[in-house]
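Report on one structure; see the data block that follows.
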2 protein chains.
Amino acid sequence: MRILGIDPGLRRTGFGVIDVDGPRLIYVASGTIVVPGNLSLAARLKTILDHIREVAEQTKPDIAAVEKVFLNTNPTSTLLLGQARGAALCGLADSGLEVHEYTALQIKKAVVGSGRAAKEQVQHMVQRLLSLNGVPAADSADALACAICHAHMQPVAVALGRGGLSASSGRMRNGRLLG
Amino acid sequence: MRILGIDPGLRRTGFGVIDVDGPRLIYVASGTIVVPGNLSLAARLKTILDHIREVAEQTKPDIAAVEKVFLNTNPTSTLLLGQARGAALCGLADSGLEVHEYTALQIKKAVVGSGRAAKEQVQHMVQRLLSLNGVPAADSADALACAICHAHMQPVAVALGRGGLSASSGRMRNGRLLG
């Protein structure tokens, strides 16, 4: 099973793709969709929509997991975040993906074991769980953590012994897959 | 110029299409996208996205106008509204439309002449301005009012006179050309 995790935001939307092979988690791709602030709101949302569809098309996930938005005390910020999240969910649904939603608490518990974990701990554990060479950037780490959370929520599936097949891996930045 | 007006909401999204021909406003189409509440959030947003694209494809507007969301005191409601609005804006931008945004105050002022107008007054004035046989439903009326507001904000470009082309400039108020 391939999972696409998303951490939505109007300025920066993180994405991370992992494969689940029995008990193993395999890193596939991750990156951040950086949205230029000088565009109109509709154009910014379209940027998110387009890049999410592009990531889905390039990585072909089976399912998507999205972090629930933190309810900001500032209603204007909440509205902007909501619109960005709407665009991200539209991109996923438009790519035919079923979307699961997890709170930051669920994600931190799944990845670090505690809901009170700091951002750095999440980045550190994502690096460890996916055997990455370096610490992933914050947005990518949150998106990968969301995908890991979804993997952990699944009943342990049948481990597919693929006899030597190894998943291709790479990183994506700004919607482009880097070897 | 053909204008598509949208009044976004998660349960009901109103749409209304009008043509602007010099000082005349001509009704083209209107309706409400009713989203089933039993669907997942992503599926509900996808319903809005799909129907907005369908309306745009069928009516071929030149430009879109969207009502700005009222900031609810309840942050959960604001977030849900934001997501619905994000889906509507994505549908418009995905159809290649430039999107203009107007507050409820601007829309009411443009249609009724007062920002404190009741819903029924908006419906009544939309019926009058577009010479409709019946009172439009509330969601359709709000969407049509948004399109009318955009028409009123435009400088009147070129009026076609019988003796040839004559240019005039000014603004429209309640369907009448001023200046």
Closest-packed option against chain A by number of heavy-atom pairs under 4.5 Å, given B/Val99, B/Leu49, B/Leu80: B/Leu49

Which heavy atom of B/Leu45 sits nearest to which heavy atom of A/Gly86, and what is that distance? CD1-CA, 3.9 Å

Are B/Leu130 and B/Val135 co-members of a hydrophobic cluster defined by side-chain heavy atoms under 4.5 Å apart? no

I need the A/Ser40 OG to B/His100 NE2 distance, nearest 0.5 Å. 9.0 Å

Please classify the contact between A/Arg53 and chain B as side chain, backbone, both or neither, with a heavy-atom cut-off of under 4.5 Å. side chain

Say you draw a straight line from OG of B/Ser77 to CG of A/Leu79; how long is it, rounded to the nearest 0.5 Å? 12.0 Å

Segment of A/Glu98 engaging chain B (4.5 angstrom heavy-atom cut-off): neither

Quick check: do A/Leu41 and B/Arg85 have side-chain heavy atoms less than 4.5 Å from each other? yes

At what distance, to the nearest 0.5 angstrom, does OG of B/Ser95 lie from NZ of A/Lys46? 9.0 Å

Linking I/L/V/M/F/W/Y whenever their side-chain heavy atoms sit closer than 4.5 Å, directly or via other members, would A/Met1 and A/Leu129 fall into one cluster? yes

What's the shortest heavy-atom distance between B/Ala42 and A/Ala93, and which atoms? O-CB, 3.8 Å

Side chains of A/Asp50 and B/Asp94: closer than 4.5 Å at any heavy-atom pair? yes

To the nearest 0.5 Å, tell me how far A/Thr78 OG1 sits from B/Leu81 CG. 12.0 Å

